[in-house]
Peer 1: 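I have a structure I would like to understand better, so I am pasting it below and will then ask my questions one at a time.
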Amino acid sequence: MRITVDRDRCIGSGQCVMTAPGVFTQDDDALVALVPGHEDAAADPRVRDVPMACPVQAIAIHED
């Protein structure tokens, strides 16, 4: 599993952080960022819910 984030699309709603706080965080501008070391996120099943939770679809999950 691989996660891609479109920070240009992100509006900083924080839905990703509320859904999978161990994988996503927000920077000083409230834009989404991955928690270092969790780029594949295979261990957190909540990550699969994040693309649907994001109101602007800034996050995508790719099965490799």
Side-chain angles (χ1 to χ4, degrees):
M1 179 185 330
R2 182 173 49 90
I3 301 169
T4 56
V5 174
D6 184 346
R7 289 173 47 89
D8 291 332
R9 183 177 279 193
C10 180
I11 60 171
S13 72
Q15 298 301 309
C16 54
V17 177
M18 288 189 277
T19 303
V23 177
F24 296 95
T25 187
Q26 290 175 289
D27 65 13
D28 292 341
D29 294 322
L31 298 178
V32 64
L34 291 171
V35 174
H38 295 282
E39 289 81 3
D40 66 354
D44 191 336
R46 295 172 292 186
V47 167
R48 295 183 187 282
D49 297 332
V50 170
M52 291 185 294
C54 179
V56 294
Q57 289 77 48
I59 298 168
I61 305 293
H62 307 276
E63 300 294 334
D64 291 333

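Since the structure is predicted, the reported quantities are computational estimates derived from the model, not experimental observations.
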Peer 1: Run the side-chain donor-acceptor check on residues 14-26: report pairs under 3.5 Å with partners two or more places apart or on a different chain.
Peer 2:
from	atom 1	to	atom 2	distance (Å)
T19	OG1	Q15	O	2.7
Q26	NE2	G12	O	3.3
Q26	NE2	A30	O	2.9

Peer 1: Which residue pairs satisfy the salt bridge (charged side-chain N to carboxylate O under 4.0 Å, His left out) criterion with at least one member in residues 11-24, sequence neighbours excluded?
Peer 2: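 As it turns out, there is no salt bridge (charged side-chain N to carboxylate O under 4.0 Å, His left out) pair with a partner in residues 11-24 once direct neighbours are skipped.
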Peer 1: Do V5 and I11 share a hydrophobic cluster, counting only Ile, Leu, Val, Met, Phe, Trp and Tyr and linking them when any side-chain heavy atoms are less than 4.5 Å apart?
Peer 2: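 Cluster IDs for V5 and I11 differ.
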Peer 1: Which residue pairs pass the salt bridge (charged side-chain N to carboxylate O under 4.0 Å, His left out) test when at least one of the two sits in residues 17-28, sequence neighbours left out?
Peer 2: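 Matches after skipping sequence neighbours: R7-D27.
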Peer 1: If a pair satisfies salt bridge (charged side-chain N to carboxylate O under 4.0 Å, His left out) and one of its residues is in residues 13-24, list it, with sequence neighbours excluded.
Peer 2: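 Salt bridge (charged side-chain N to carboxylate O under 4.0 Å, His left out) check on residues 13-24 returns no pairs.
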Peer 1: Please list all pairs meeting salt bridge (charged side-chain N to carboxylate O under 4.0 Å, His left out) that have one or both residues in residues 9-26, counting only residues at least two apart or in different chains.
Peer 2: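 Pairs touching residues 9-26 that pass the test: none.
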Peer 1: Donor-acceptor pairs under 3.5 angstrom involving side-chain atoms of residues 46-62: please list them, not counting sequence neighbours.
Peer 2:
from	atom 1	to	atom 2	distance (Å)
R46	NE	D44	OD1	3.1
R46	NH2	D44	OD2	3.2
R48	NH1	E63	OE2	2.4
Q57	NE2	C54	O	3.2
H62	NE2	T4	OG1	2.9

